[in-house]
Number of protein chains: 2
Amino acid sequence: MSEPGKIPSDLSKDRLRVWLRMLKVTRMIEAELRERMRQSWDITLPRFDVMAALRRADAGMKMSDLSGVLRVSNGNVTGIVDRLEADGLAERRSVEGDRRAMRVLLTAQGREMFDEMAAVHELWVDELFSPIGAQGLSTVHTRLGRITEKLEAED
Amino acid sequence: MSEPGKIPSDLSKDRLRVWLRMLKVTRMIEAELRERMRQSWDITLPRFDVMAALRRADAGMKMSDLSGVLRVSNGNVTGIVDRLEADGLAERRSVEGDRRAMRVLLTAQGREMFDEMAAVHELWVDELFSPIGAQGLSTVHTRLGRITEKLEAED
DNA sequence: TTGATTTGTTTCAAGTATGAAATTTTCATA
DNA sequence: TATGAAAATTTCATACTTGAAACAAATCAA
(Lines give C-alpha, C1' and ligand atoms only; values in the text may rest on other atoms or scores of the structure.)
Protein backbone atom coordinates (compact mmCIF):
# COMPACT_ATOMS: atom_id res chain seq x y z
CA MET A 1 0.00 0.00 0.00
CA SER A 2 1.07 3.59 -0.52
CA GLU A 3 3.96 2.72 -2.81
CA PRO A 4 6.81 5.21 -3.30
CA GLY A 5 5.49 7.07 -6.32
CA LYS A 6 1.94 7.25 -5.12
CA ILE A 7 0.12 10.36 -3.99
CA PRO A 8 -0.63 9.67 -0.34
CA SER A 9 -3.84 11.66 -0.23
CA ASP A 10 -5.51 9.04 -2.41
CA LEU A 11 -6.62 6.99 0.55
CA SER A 12 -9.88 6.28 -1.13
CA LYS A 13 -8.43 3.63 -3.43
CA ASP A 14 -6.61 2.00 -0.53
CA ARG A 15 -9.79 1.85 1.49
CA LEU A 16 -11.58 0.21 -1.41
CA ARG A 17 -8.77 -2.30 -1.76
CA VAL A 18 -8.89 -3.17 1.91
CA TRP A 19 -12.65 -3.54 1.80
CA LEU A 20 -12.49 -5.86 -1.18
CA ARG A 21 -9.82 -7.95 0.46
CA MET A 22 -11.74 -8.13 3.70
CA LEU A 23 -14.82 -9.23 1.81
CA LYS A 24 -12.79 -11.88 0.02
CA VAL A 25 -11.17 -13.23 3.19
CA THR A 26 -14.45 -13.27 5.06
CA ARG A 27 -16.14 -15.19 2.28
CA MET A 28 -13.30 -17.68 1.99
CA ILE A 29 -13.30 -18.37 5.71
CA GLU A 30 -17.07 -18.60 5.85
CA ALA A 31 -17.02 -21.05 2.96
CA GLU A 32 -14.40 -23.15 4.71
CA LEU A 33 -16.25 -23.17 8.01
CA ARG A 34 -19.58 -23.90 6.34
CA GLU A 35 -18.13 -26.85 4.51
CA ARG A 36 -16.51 -28.30 7.62
CA MET A 37 -19.67 -27.88 9.67
CA ARG A 38 -21.73 -29.51 7.01
CA GLN A 39 -19.36 -32.46 6.84
CA SER A 40 -18.93 -32.83 10.58
CA TRP A 41 -22.41 -32.26 11.92
CA ASP A 42 -24.66 -31.57 8.96
CA ILE A 43 -25.38 -28.11 10.30
CA THR A 44 -25.44 -24.70 8.61
CA LEU A 45 -23.68 -21.50 9.64
CA PRO A 46 -26.89 -19.56 10.35
CA ARG A 47 -28.09 -22.31 12.66
CA PHE A 48 -24.72 -22.33 14.41
CA ASP A 49 -24.85 -18.55 14.82
CA VAL A 50 -28.28 -18.69 16.38
CA MET A 51 -27.24 -21.48 18.71
CA ALA A 52 -24.14 -19.48 19.73
CA ALA A 53 -26.28 -16.51 20.65
CA LEU A 54 -28.71 -18.66 22.60
CA ARG A 55 -25.96 -20.52 24.42
CA ARG A 56 -24.92 -17.36 26.21
CA ALA A 57 -28.46 -16.59 27.35
CA ASP A 58 -29.59 -19.00 30.02
CA ALA A 59 -33.02 -17.45 30.24
CA GLY A 60 -33.43 -17.48 26.47
CA MET A 61 -33.80 -14.60 24.09
CA LYS A 62 -36.74 -12.95 22.44
CA MET A 63 -36.98 -13.32 18.68
CA SER A 64 -36.35 -9.62 18.25
CA ASP A 65 -33.26 -9.80 20.47
CA LEU A 66 -31.95 -12.58 18.29
CA SER A 67 -32.44 -10.67 15.07
CA GLY A 68 -30.90 -7.61 16.70
CA VAL A 69 -27.77 -9.40 17.88
CA LEU A 70 -27.29 -11.33 14.68
CA ARG A 71 -28.21 -8.37 12.52
CA VAL A 72 -30.59 -10.26 10.35
CA SER A 73 -34.25 -9.62 9.65
CA ASN A 74 -37.07 -10.77 11.89
CA GLY A 75 -38.57 -13.01 9.28
CA ASN A 76 -35.25 -14.70 8.78
CA VAL A 77 -34.93 -15.65 12.43
CA THR A 78 -38.43 -17.08 12.40
CA GLY A 79 -37.42 -19.64 9.80
CA ILE A 80 -34.12 -20.61 11.38
CA VAL A 81 -35.67 -21.07 14.81
CA ASP A 82 -38.47 -23.09 13.21
CA ARG A 83 -35.92 -25.50 11.85
CA LEU A 84 -33.85 -25.67 15.03
CA GLU A 85 -37.06 -26.41 16.89
CA ALA A 86 -38.01 -29.12 14.40
CA ASP A 87 -34.62 -30.72 15.06
CA GLY A 88 -35.13 -30.60 18.81
CA LEU A 89 -32.23 -28.19 19.37
CA ALA A 90 -34.22 -25.16 20.48
CA GLU A 91 -37.65 -24.39 21.80
CA ARG A 92 -40.02 -21.47 22.02
CA ARG A 93 -41.63 -20.57 25.31
CA SER A 94 -44.10 -17.83 26.00
CA VAL A 95 -43.03 -14.78 27.95
CA GLU A 96 -45.18 -14.28 31.00
CA GLY A 97 -46.60 -10.80 31.05
CA ASP A 98 -46.42 -10.32 27.29
CA ARG A 99 -48.41 -12.56 25.07
CA ARG A 100 -46.86 -11.15 21.91
CA ALA A 101 -43.28 -12.13 22.69
CA MET A 102 -41.55 -15.46 22.52
CA ARG A 103 -38.58 -16.66 24.51
CA VAL A 104 -36.29 -18.98 22.55
CA LEU A 105 -33.82 -21.21 24.28
CA LEU A 106 -31.62 -24.18 23.55
CA THR A 107 -32.79 -27.59 24.68
CA ALA A 108 -30.41 -29.78 26.69
CA GLN A 109 -29.61 -31.54 23.44
CA GLY A 110 -28.97 -28.19 21.76
CA ARG A 111 -26.59 -27.09 24.51
CA GLU A 112 -24.70 -30.34 24.41
CA MET A 113 -24.35 -30.26 20.66
CA PHE A 114 -23.31 -26.61 20.63
CA ASP A 115 -20.59 -27.06 23.24
CA GLU A 116 -19.13 -29.88 21.24
CA MET A 117 -19.22 -27.84 18.04
CA ALA A 118 -17.89 -24.66 19.64
CA ALA A 119 -14.74 -26.36 20.84
CA VAL A 120 -13.90 -27.65 17.39
CA HIS A 121 -14.94 -24.39 15.78
CA GLU A 122 -12.43 -22.51 17.88
CA LEU A 123 -9.67 -24.84 16.73
CA TRP A 124 -10.63 -24.29 13.12
CA VAL A 125 -10.59 -20.51 13.47
CA ASP A 126 -7.25 -20.72 15.21
CA GLU A 127 -5.91 -22.73 12.32
CA LEU A 128 -7.34 -20.46 9.63
CA PHE A 129 -5.99 -17.35 11.35
CA SER A 130 -2.66 -18.90 12.18
CA PRO A 131 -0.77 -16.59 9.77
CA ILE A 132 -1.63 -13.67 12.07
CA GLY A 133 0.29 -13.40 15.32
CA ALA A 134 -0.48 -11.55 18.53
CA GLN A 135 0.79 -8.25 17.18
CA GLY A 136 -1.29 -8.38 14.01
CA LEU A 137 -4.39 -9.55 15.83
CA SER A 138 -4.22 -6.60 18.14
CA THR A 139 -3.88 -4.08 15.32
CA VAL A 140 -6.63 -5.57 13.22
CA HIS A 141 -8.92 -5.86 16.21
CA THR A 142 -8.63 -2.21 17.20
CA ARG A 143 -8.83 -0.92 13.64
CA LEU A 144 -12.00 -2.87 12.96
CA GLY A 145 -13.32 -1.74 16.30
CA ARG A 146 -13.18 1.86 15.17
CA ILE A 147 -15.40 1.06 12.23
CA THR A 148 -18.06 -0.62 14.33
CA GLU A 149 -17.99 2.28 16.75
CA LYS A 150 -18.60 4.68 13.92
CA LEU A 151 -21.39 2.60 12.44
CA GLU A 152 -23.05 2.03 15.77
CA ALA A 153 -22.85 5.71 16.63
CA GLU A 154 -24.87 6.56 13.55
CA ASP A 155 -28.11 4.91 14.72
CA MET B 1 -5.65 -7.70 23.20
CA SER B 2 -3.10 -9.63 25.22
CA GLU B 3 -3.67 -7.61 28.35
CA PRO B 4 -1.01 -7.55 31.10
CA GLY B 5 -2.18 -10.46 33.20
CA LYS B 6 -3.02 -12.70 30.30
CA ILE B 7 -1.14 -15.80 29.25
CA PRO B 8 0.16 -14.90 25.81
CA SER B 9 0.08 -18.42 24.45
CA ASP B 10 -3.70 -18.29 24.41
CA LEU B 11 -3.81 -16.83 20.95
CA SER B 12 -6.72 -19.02 20.08
CA LYS B 13 -9.23 -16.87 21.94
CA ASP B 14 -7.81 -13.73 20.39
CA ARG B 15 -8.10 -15.21 16.93
CA LEU B 16 -11.71 -16.12 17.60
CA ARG B 17 -12.40 -12.60 18.84
CA VAL B 18 -10.86 -11.06 15.74
CA TRP B 19 -12.81 -13.39 13.47
CA LEU B 20 -16.06 -12.54 15.20
CA ARG B 21 -15.36 -8.86 14.94
CA MET B 22 -14.40 -9.13 11.31
CA LEU B 23 -17.60 -10.99 10.59
CA LYS B 24 -19.57 -8.32 12.39
CA VAL B 25 -17.91 -5.42 10.60
CA THR B 26 -18.25 -7.09 7.22
CA ARG B 27 -21.93 -7.70 7.79
CA MET B 28 -22.56 -4.17 9.00
CA ILE B 29 -20.83 -2.67 6.00
CA GLU B 30 -22.54 -5.01 3.60
CA ALA B 31 -25.89 -4.13 5.11
CA GLU B 32 -25.15 -0.44 4.79
CA LEU B 33 -24.02 -0.74 1.17
CA ARG B 34 -26.95 -2.96 0.25
CA GLU B 35 -29.40 -0.49 1.68
CA ARG B 36 -27.85 2.48 -0.10
CA MET B 37 -27.73 0.62 -3.41
CA ARG B 38 -31.32 -0.41 -3.08
CA GLN B 39 -32.38 3.15 -2.35
CA SER B 40 -30.22 4.74 -5.03
CA TRP B 41 -30.56 2.36 -7.96
CA ASP B 42 -32.82 -0.46 -6.86
CA ILE B 43 -29.98 -2.91 -7.33
CA THR B 44 -28.68 -5.74 -5.15
CA LEU B 45 -25.13 -6.41 -3.98
CA PRO B 46 -24.76 -9.71 -5.89
CA ARG B 47 -25.81 -7.99 -9.12
CA PHE B 48 -23.32 -5.20 -8.46
CA ASP B 49 -20.56 -7.74 -7.81
CA VAL B 50 -21.24 -9.53 -11.06
CA MET B 51 -21.30 -6.26 -12.97
CA ALA B 52 -18.00 -5.24 -11.36
CA ALA B 53 -16.37 -8.45 -12.51
CA LEU B 54 -17.74 -8.08 -16.02
CA ARG B 55 -16.74 -4.44 -16.26
CA ARG B 56 -13.07 -5.37 -16.13
CA ALA B 57 -13.41 -7.97 -18.87
CA ASP B 58 -13.97 -6.34 -22.23
CA ALA B 59 -14.29 -9.65 -24.01
CA GLY B 60 -16.71 -10.98 -21.41
CA MET B 61 -16.30 -13.87 -19.03
CA LYS B 62 -17.45 -17.44 -19.08
CA MET B 63 -20.02 -18.39 -16.48
CA SER B 64 -17.50 -20.62 -14.77
CA ASP B 65 -14.94 -17.79 -14.66
CA LEU B 66 -17.53 -15.61 -13.00
CA SER B 67 -18.34 -18.14 -10.34
CA GLY B 68 -14.63 -18.73 -9.82
CA VAL B 69 -13.77 -15.07 -9.37
CA LEU B 70 -16.77 -14.33 -7.19
CA ARG B 71 -16.41 -17.57 -5.27
CA VAL B 72 -20.03 -18.51 -5.56
CA SER B 73 -21.60 -21.62 -7.00
CA ASN B 74 -22.29 -22.10 -10.69
CA GLY B 75 -26.00 -22.31 -10.20
CA ASN B 76 -25.96 -19.06 -8.34
CA VAL B 77 -24.36 -17.18 -11.20
CA THR B 78 -26.89 -18.58 -13.63
CA GLY B 79 -29.71 -16.89 -11.74
CA ILE B 80 -28.01 -13.55 -11.27
CA VAL B 81 -27.00 -13.32 -14.92
CA ASP B 82 -30.54 -14.31 -15.92
CA ARG B 83 -31.86 -11.32 -14.03
CA LEU B 84 -29.21 -8.91 -15.27
CA GLU B 85 -30.03 -10.04 -18.78
CA ALA B 86 -33.73 -9.55 -18.19
CA ASP B 87 -32.96 -5.98 -17.13
CA GLY B 88 -30.90 -5.35 -20.24
CA LEU B 89 -27.67 -4.87 -18.28
CA ALA B 90 -25.81 -7.97 -19.46
CA GLU B 91 -26.02 -10.45 -22.30
CA ARG B 92 -24.91 -13.98 -23.06
CA ARG B 93 -23.07 -14.77 -26.26
CA SER B 94 -21.87 -18.09 -27.51
CA VAL B 95 -18.19 -18.90 -27.48
CA GLU B 96 -16.95 -19.87 -30.91
CA GLY B 97 -15.14 -23.17 -30.77
CA ASP B 98 -16.97 -24.43 -27.70
CA ARG B 99 -20.67 -24.94 -27.90
CA ARG B 100 -20.98 -25.65 -24.17
CA ALA B 101 -19.62 -22.36 -22.92
CA MET B 102 -21.23 -18.95 -22.68
CA ARG B 103 -19.55 -15.58 -22.75
CA VAL B 104 -21.28 -13.00 -20.56
CA LEU B 105 -20.70 -9.30 -21.01
CA LEU B 106 -22.20 -6.01 -19.98
CA THR B 107 -24.36 -4.15 -22.46
CA ALA B 108 -23.64 -0.49 -23.16
CA GLN B 109 -26.40 0.32 -20.70
CA GLY B 110 -24.82 -1.99 -18.16
CA ARG B 111 -21.42 -0.37 -18.51
CA GLU B 112 -22.87 3.09 -18.20
CA MET B 113 -24.87 2.20 -15.13
CA PHE B 114 -21.97 0.43 -13.49
CA ASP B 115 -19.53 3.31 -13.97
CA GLU B 116 -22.00 5.64 -12.37
CA MET B 117 -22.54 3.28 -9.45
CA ALA B 118 -18.86 2.47 -8.99
CA ALA B 119 -17.92 6.10 -8.48
CA VAL B 120 -20.49 6.55 -5.74
CA HIS B 121 -19.69 3.16 -4.24
CA GLU B 122 -16.06 4.18 -3.83
CA LEU B 123 -17.12 7.31 -1.96
CA TRP B 124 -19.29 5.25 0.36
CA VAL B 125 -16.52 2.82 1.15
CA ASP B 126 -14.16 5.71 1.76
CA GLU B 127 -16.65 7.17 4.19
CA LEU B 128 -17.33 3.90 5.99
CA PHE B 129 -13.62 3.18 6.36
CA SER B 130 -12.72 6.72 7.29
CA PRO B 131 -11.75 5.75 10.86
CA ILE B 132 -8.79 3.83 9.43
CA GLY B 133 -5.84 5.84 8.20
CA ALA B 134 -3.03 4.96 5.82
CA GLN B 135 -1.04 3.19 8.52
CA GLY B 136 -3.90 0.98 9.63
CA LEU B 137 -4.97 0.20 6.10
CA SER B 138 -1.54 -1.05 5.27
CA THR B 139 -1.35 -3.32 8.31
CA VAL B 140 -4.80 -4.75 7.86
CA HIS B 141 -4.21 -5.28 4.17
CA THR B 142 -1.03 -7.27 4.61
CA ARG B 143 -2.36 -9.31 7.54
CA LEU B 144 -5.46 -10.30 5.63
CA GLY B 145 -3.29 -11.04 2.64
CA ARG B 146 -1.47 -13.72 4.59
CA ILE B 147 -4.71 -15.50 5.26
CA THR B 148 -5.77 -15.55 1.64
CA GLU B 149 -2.33 -16.80 0.66
CA LYS B 150 -2.64 -19.64 3.10
CA LEU B 151 -6.15 -20.52 1.99
CA GLU B 152 -5.30 -20.33 -1.68
CA ALA B 153 -2.20 -22.46 -1.18
CA GLU B 154 -4.35 -25.26 0.17
CA ASP B 155 -6.17 -25.98 -3.07
C1' DT C 1 -13.17 -44.92 -33.56
C1' DT C 2 -15.27 -45.57 -29.47
C1' DG C 3 -15.94 -45.43 -24.83
C1' DA C 4 -14.82 -43.05 -20.53
C1' DT C 5 -13.83 -39.01 -18.31
C1' DT C 6 -13.87 -34.17 -17.91
C1' DT C 7 -15.72 -29.61 -18.61
C1' DG C 8 -19.39 -25.93 -18.85
C1' DT C 9 -23.77 -24.90 -17.82
C1' DT C 10 -28.45 -25.34 -16.14
C1' DT C 11 -31.92 -27.29 -13.18
C1' DC C 12 -33.54 -28.58 -8.81
C1' DA C 13 -34.70 -28.84 -3.78
C1' DA C 14 -33.82 -26.85 0.41
C1' DG C 15 -32.29 -23.24 3.18
C1' DT C 16 -31.08 -18.30 3.96
C1' DA C 17 -32.16 -13.39 3.46
C1' DT C 18 -34.65 -9.11 2.78
C1' DG C 19 -38.39 -5.62 3.23
C1' DA C 20 -43.17 -5.00 3.49
C1' DA C 21 -47.63 -6.21 4.98
C1' DA C 22 -50.55 -8.43 8.30
C1' DT C 23 -51.75 -9.85 13.15
C1' DT C 24 -51.93 -9.65 17.72
C1' DT C 25 -50.98 -7.51 21.95
C1' DT C 26 -49.46 -3.71 24.84
C1' DC C 27 -49.31 0.96 26.21
C1' DA C 28 -50.03 5.89 26.52
C1' DT C 29 -53.21 9.39 26.86
C1' DA C 30 -57.04 12.00 26.04
C1' DT D 1 -62.05 3.56 28.91
C1' DA D 2 -61.63 4.22 24.14
C1' DT D 3 -58.45 4.54 20.69
C1' DG D 4 -54.50 5.25 18.33
C1' DA D 5 -49.57 4.46 18.23
C1' DA D 6 -45.93 1.29 19.16
C1' DA D 7 -44.00 -3.32 19.71
C1' DA D 8 -43.34 -8.48 18.78
C1' DT D 9 -43.84 -11.81 15.71
C1' DT D 10 -45.29 -14.16 11.51
C1' DT D 11 -46.37 -14.35 6.72
C1' DC D 12 -45.45 -13.26 2.10
C1' DA D 13 -43.13 -12.39 -2.39
C1' DT D 14 -38.85 -12.17 -4.25
C1' DA D 15 -34.03 -12.95 -4.53
C1' DC D 16 -29.71 -15.20 -3.22
C1' DT D 17 -27.13 -19.43 -2.08
C1' DT D 18 -25.61 -24.06 -1.88
C1' DG D 19 -24.63 -28.83 -3.32
C1' DA D 20 -26.19 -32.36 -6.15
C1' DA D 21 -28.03 -34.11 -10.26
C1' DA D 22 -28.82 -33.75 -15.14
C1' DC D 23 -27.19 -32.69 -19.70
C1' DA D 24 -24.55 -31.63 -23.56
C1' DA D 25 -20.18 -31.06 -25.63
C1' DA D 26 -15.25 -31.68 -25.67
C1' DT D 27 -11.22 -34.46 -24.80
C1' DC D 28 -8.54 -38.36 -23.99
C1' DA D 29 -7.11 -43.15 -24.10
C1' DA D 30 -7.30 -47.79 -25.59
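Just so it is clear: chains get the letters A, B, ... in the order the sequence lines come, proteins before strands, and each one is counted from 1.
- Taking side-chain N and O atoms only, A/Arg38 has a distance below 4.0 Å to OP1 or OP2 of D/dA20.
- Of the candidates C/dT18, D/dA15, D/dA20, C/dT18 carries the atom nearest the A/Asn76 side chain, counting heavy atoms from C-beta on.
- One cannot find a donor-acceptor pair under 3.5 Å joining the base of C/dT26 and the side-chain atoms of A/Arg100.
- Residue B/Arg103 is classed as having no contact, given no heavy-atom separation below 4.0 Å to the nucleic acid.
- At the phosphate of C/dT9, OP1 or OP2 sits under 4.0 Å from a side-chain N or O atom of B/Ser64.
- A salt bridge links B/Arg92 with B/Asp82: the distance from a Lys NZ or Arg NE/NH1/NH2 to an Asp or Glu carboxylate oxygen falls below 4.0 Å.
- A salt bridge links A/Lys13 to B/Glu122: at least one charged side-chain nitrogen sits closer than 4.0 Å to a carboxylate oxygen.
- Rounding to the nearest 0.5 Å gives a distance of 9.0 Å between CD of A/Glu32 and CH2 of A/Trp124.
- Within the 4.0 angstrom heavy-atom criterion, no nucleotide atom of any strand lies near B/Glu30.
- The side chain of A/Thr44 places no N or O atom within less than 4.0 Å of a non-bridging phosphate oxygen (OP1 or OP2) of D/dT18.
- Heavy atoms of B/Gly79 sit nowhere under 4.0 angstrom from any nucleic acid atom.
- No side-chain heavy atom of B/Arg100 sits less than 4.5 Å from a side-chain heavy atom of B/Met63.
- Residue contacts for B/Arg27: at a heavy-atom cut-off of 4.0 Å it reaches no nucleic acid atom on any strand shown.
- In this structure, A/Gln39 reaches neither bases nor backbone, as no heavy-atom distance under 4.0 Å exists between it and the strands shown.
- Within 4.0 Å (heavy atoms only), A/Ser73 reaches at least one base atom of the nucleic acid.
- In this structure, B/Thr78 reaches the bases: a heavy-atom distance under 4.0 Å links it to at least one base atom across the strands shown.
- Contact between the side-chain N/O atoms of B/Arg83 and the OP1/OP2 oxygens of D/dC16 is found at a separation under 4.0 Å.
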